[in-house]
2 protein chains.
Amino acid sequence: MSSILPNKPVRGSGSGVPIMALFDILGRKWNMRMLWSLRQGALSFRSLQAECGGVSPSVMNARLKQLQAAQLVLLGEGGYELTAMGRDLMDRLDPLREWSAQWSAILEE
Amino acid sequence: MSSILPNKPVRGSGSGVPIMALFDILGRKWNMRMLWSLRQGALSFRSLQAECGGVSPSVMNARLKQLQAAQLVLLGEGGYELTAMGRDLMDRLDPLREWSAQWSAILEE
DNA sequence: CAATATCGCTATCAAAATAGTAGCAACCAG
DNA sequence: CTGGTTGCTACTATTTTGATAGCGATATTG
């Protein structure tokens with residue numbers, strides 16, 4: 001597993017620009033949804049898997065390793081949970097909820 | 001190409017929750033980066049391709065169709081450009097730049 | 001007119017990522 | 001021991017992405 005971190009060459013990039021590294025992580029299937037699900041609180045491997053519509057455990061595990069390496073997620077007592085940084089990231093993604101509601105409304109017309 | 005829109009069953013979801021549809025789009029490789037690149041202004045197919053490190057034109061085209069269907073991007077006089085909604089989305093993603101800088105700093109330690 | 005260059009884009013095939021299913025070892029409850 | 005969880009690995013199938021070549025259309029230059 002290639003650990004994807006800022007200031008290191010990134011999938012399809014090589015620039016090492018931090019936000020590109022972030023896009024590289026968020027641009028992988030399930031990562032956003034996993035983080036989003038963990039906002040509510042810690043979840044076990046299997047619960048998180050269920051939250052994500054039954055993703056393959058192999059993919060789940062790869063993602064969890066990646067998110068742990070990126071220090072966005074950690075495995076605590078009650079299961080997998082967001083780190084402080086992970087929570088901060090999700091907080092900043094929160095405006096997207098409002099946006100997506102408007103988006104949905106417009107696309108429905 | 002399965003057009004992915006809010007309130008329609010979404011890849012791996014089925015809930016039709018708007019933000020999940022958004023995650024589905026942003027969770028595909030290159031989409032975030034393409035939108036991010038277009039913030040600066042319109043780009044031709046080939047320029048955009050270059051901005052994304054030479055993505056396959058086939059993938060580029062599929063993404064552009066998807067983003068157009070989602071009304072985030074349109075093909076205007078000067079090339080591909082963000083719609084108003086696309087610009088709004090990118091504006092809301094802007095806090096991520098600051099976050100990713102901090103993230104980068106912490107991970108470097 | 002012909003040569004050249006760019007445009008958006010398709011077609012083809014290889015490589016990589018993801019999905020689907022089965023199952024293991026460790027733990028705890030009864 | 002039985003049965004239930006847990007996190008996770010192994011394996012194969014399918015989908016997605018990557019890499020390259022090249023087409024038809026338009027513009028530009030000589």
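Per chain, numbering begins at 1; letters A, B, ... match sequence-line order.
- Residue-level contact check: A:Ser56 touches the bases, meaning some heavy atom is under 4.0 Å from a base atom.
- A straight line from CG of B:Asp24 to P of D:dT15 spans 16 Å, rounded to a whole angstrom.
- At least one donor-acceptor pair under 3.5 Å links the side chain of A:Arg63 to the backbone N or O of A:Lys29.
- Across the protein-nucleic acid pair, B:Leu43 atom CG and C:dC7 atom P stand 11 Å apart, rounded to whole Å.
- Ranked by how close their nearest DNA chain D nucleotide is to the 5' end, B:Val59 and B:Gln49 are led by B:Val59.
- Between B:Lys65 and the phosphate of C:dC9, there is no side-chain N or O to OP1/OP2 separation shorter than 4.0 Å.
- Separating the CD atom of B:Glu77 from the P atom of C:dC7 is a distance of 16 Å, rounded to the nearest angstrom.
- For the OP1/OP2 pair of C:dA17 and a distance below 4.0 Å, the side-chain nitrogens and oxygens of A:Trp30 include no atom meeting the criterion.
- Which of C:dC9, C:dA19, C:dT10 sits closest to the side chain of B:Asn61 comes down to C:dT10.
- Separating the CZ atom of B:Arg33 from the C1' atom of D:dT17 is a distance of 15 Å, rounded to the nearest angstrom.
- When the P atom of C:dT18 is taken as reference, atom CE of A:Met60 falls 14 Å away, rounded to whole Å.
- Both tests do not hold together for B:Arg33 against B:Trp30: distance to the six-membered ring centre under 6.0 Å, angle to the ring axis within 45°.
- OP1 or OP2 of D:dG7 has not a single side-chain nitrogen or oxygen of A:Arg46 nearer than 4.0 Å.
- Of all the heavy atoms in B:Gln71 and A:Ile106, the pair that sits closest is OE1-CG2, 4.3 Å.
- Rounded to whole Å, the distance from CZ on B:Arg63 to P on C:dT10 is 14 Å.
- DNA chain D is contacted by both A:Leu75 and B:Pro57; A:Leu75 maps to the nucleotide lying nearer its 5′ end (nearest heavy atom per residue).
- Taking atom CZ of residue A:Phe45 and atom C1' of nucleotide D:dG4, one finds them 18 Å apart after rounding to whole Å.
- Counting only distance, with no hydrogens or angles, the side chain of A:Ser44 and the backbone of A:Ser47 share a donor-acceptor pair below 3.5 Å.
- For the side chain to side chain contact (heavy atoms under 4.5 Å, CB included) criterion with B:Trp99, the lone passing option out of A:Asp91, A:Leu93, A:Asp88 is A:Asp88.
- For the OP1/OP2 pair of C:dA16 and a distance below 4.0 Å, the side-chain nitrogens and oxygens of B:Lys29 include no atom meeting the criterion.
- The A:Ser58 side chain lies nearest to D:dA10 when the options are D:dA10, C:dT18, C:dC9.
- Between the CE atom of B:Met32 and the C1' atom of D:dT17 there is a distance of 18 Å, given to the nearest Å.
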